There are 2 protein chains.
Amino acid sequence: MTAEAAPRKHRTAGRPVQKILSKEAITVAALKLIASGGYDALTMSGLARHLGVAPSALYNHVASKHDVLLLVQDHIMANVDVSGFGALPWDEAVRRWAWSYREVFSQHTPLIPVIAVLPVTGAPRTLAMYEELTSGFLAAGWPEPLVVPAIVALESFIFGSAFDVTAPEDIFESGELAKANPKFSAAVRARQRNGGSAASPTADAAFRLGLEGLISGLEEQRRSWAAHGA
Amino acid sequence: MTAEAAPRKHRTAGRPVQKILSKEAITVAALKLIASGGYDALTMSGLARHLGVAPSALYNHVASKHDVLLLVQDHIMANVDVSGFGALPWDEAVRRWAWSYREVFSQHTPLIPVIAVLPVTGAPRTLAMYEELTSGFLAAGWPEPLVVPAIVALESFIFGSAFDVTAPEDIFESGELAKANPKFSAAVRARQRNGGSAASPTADAAFRLGLEGLISGLEEQRRSWAAHGA
DNA sequence: ACCTGAACACCGTTCAAGT
DNA sequence: ACCTGAACACCGTTCAAGT
């Protein structure tokens, strides 16, 4: 192979280094801004201010704000818990993964429209998650053609459910239209609230119900695939 | 009751009427802009231009752009097909509803973050859909406490899946990282593509698998609720 | 190679002034 | 009551100029 051009670090006195920024520094600053002020606070000028730099300087390291969102996305994907695959039964591993995945993205819902549509090329942590998942599905006896559709189905449910977590508890109050919609209004009052932790009992109950349904229903789809052949 | 202040229409010669705008006119114009140029084209000034009016005039009828999105949302909700409930078996009705719901919102994904988080008060068509759904679930023997969680679970899956429809077919190409993620790359190549119409075979296959899984899995959850009691 | 400063082409929204 | 026109406080992004 040809010699690699390794960056030479020649310390020239105490004068200030010219390189201040990097993709990593931008990602970290973005996460701080989001944590403190939400996605409204994530602006290119806010990022620049936080890094002590002019906004235009950012464009030496990222091509656009969209690029920043992708960096953030791949970074937080490492917080999704895939440890169950290979260690626990399939359904237990899916359960652990799904709850942690929803938890992570309920804090980052503005990323969902971005990642659900974006090629996974160049998102190494995201790919690593998919590799773990695939491995776990295959080891549990899933036929290869169903693995990706099953993962996508679960992921779609998780993304949709992440929005729910941030919804106010009174989202289904029908107000003065209650009398015109009596059955729905009654069902809202009667709805189940258990099945989860503290913060959002109704969202948790719906997520638990859907997830348990998906887990058993997908297993049934797998069995009927095995019976029918392709 | 007190006398209602009905709008008097006094025709004063042929001089131009002063009222040009209305919520309805704004909604229709918004739908036209979205249809021709997508949600990027939906700006307050674009709306005003299309209606032959100054941008500030819009604020006599809506409080914000967010308001416009809500008008659009409730308008298109009427396109979701709930005709199966009361006419077909529960699973068939859910199938018809779910496919049409995904179809409608795959054209309007920018609405999803808005509606998933917004109180349903003052969205009459949306409430009417929920009333139909509730009625159908109850008639099929669903226990009242599970109706809303089941609807929310299905809706979450549908919203997440609506994003998938707009994703490029090569979204899972791992590029040069393919060798580092061999099982996933192979599963992507082997994935099932049937189970839907023409335009997006892989998204359709995932949606079909997840929906069929959810339908049978939710029915199982319903049975186990009946067995356990509350 | 990397950063600064000024500028550009937009946004959504407000508000005094007109009729 | 409803619309106009000007203004405000932002956005993300570009680009010549500096070192």
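FYI, side chains are in, hydrogens and waters are out, and symmetry mates aren't considered; it's all heavy atoms of this structure. Throughout, a chain's letter reflects where its sequence line sits, starting with A, and its residues are numbered from 1. Just so it is clear, the model here is predicted, and its values are computed rather than measured.
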note: B:Tyr59, atom OH; C:dG12, atom P; distance rounded to Å ~ 7 Å
Tell me which nucleotide, if any, is Watson-Crick or G-U wobble paired with C:dC10 when both distances must be under 3.5 Å.
none
Return the value, rounded to whole Å, for the distance between atom CZ of A:Arg49 and atom C1' of D:dC10.
12 Å
More 5' along DNA chain D: A:Gly46 or B:Val53, using each one's nearest nucleotide?
B:Val53
Can B:Asp74 and B:Lys23 be counted as an ion pair, charged N to O under 4.0 angstrom?
no
Between C:dG12 atom C1' and B:Asn60 atom CG, what is the distance in whole Å?
16 Å
Atom pair distance, as rounded to whole Å: CG in A:Leu69 and C1' in D:dG12
12 Å
Phosphate contact (D:dC10 OP1 or OP2) by A:Ser45 side-chain N/O below 4.0 Å
no
Round to the nearest Å and state the distance from A:Lys65 atom NZ to C:dC11 atom P.
16 Å
B:Val104 pairs by side-chain contact (heavy atoms from CB on, under 4.5 Å) with which of B:Asp81, B:Ile158, B:Ile76?
B:Ile76
If you look at every strand shown and take non-hydrogen atoms under 4.0 Å, does B:Ser56 touch a base, only sugar-phosphate, or nothing?
base
Starting at CD1 of B:Ile20 and ending at C1' of D:dC3, how long is that distance when rounded to a whole Å?
7 Å
Just compare D:dG5, D:dT13, C:dT13 and give me whichever is closest to any side-chain atom of B:Ala54.
D:dG5
Whole-Å distance between D:dC3 P and B:Lys19 NZ?
7 Å
Give a yes/no answer on whether the side chain of A:His61 brings an N or O atom under 4.0 Å of OP1 or OP2 in C:dA1.
no
Tell me the partner of D:dT4, counting only Watson-Crick (N1-N3 plus N6-O4 or O6-N4) or G-U wobble (N1-O2 and O6-N3) with both under 3.5 Å; none if nothing fits.
C:dA16
Would you please indicate yes or no on a ring centroid separation below 6.0 angstrom for A:Phe159 and B:Phe159?
no
Can you tell me how far OG of B:Ser36 sits from CG of B:Leu42, rounded to the nearest 0.5 angstrom?
10.0 Å
Atom pair CG (A:Asn181) and CG (B:Leu127), whose distance is rounded to the nearest 0.5 Å
5.0 Å
From the list C:dC3, C:dG12, D:dC3, which nucleotide is the closest neighbour of the side chain of B:Met44?
C:dG12
In whole angstrom, what separates A:Asp40's CG from D:dG12's P?
11 Å
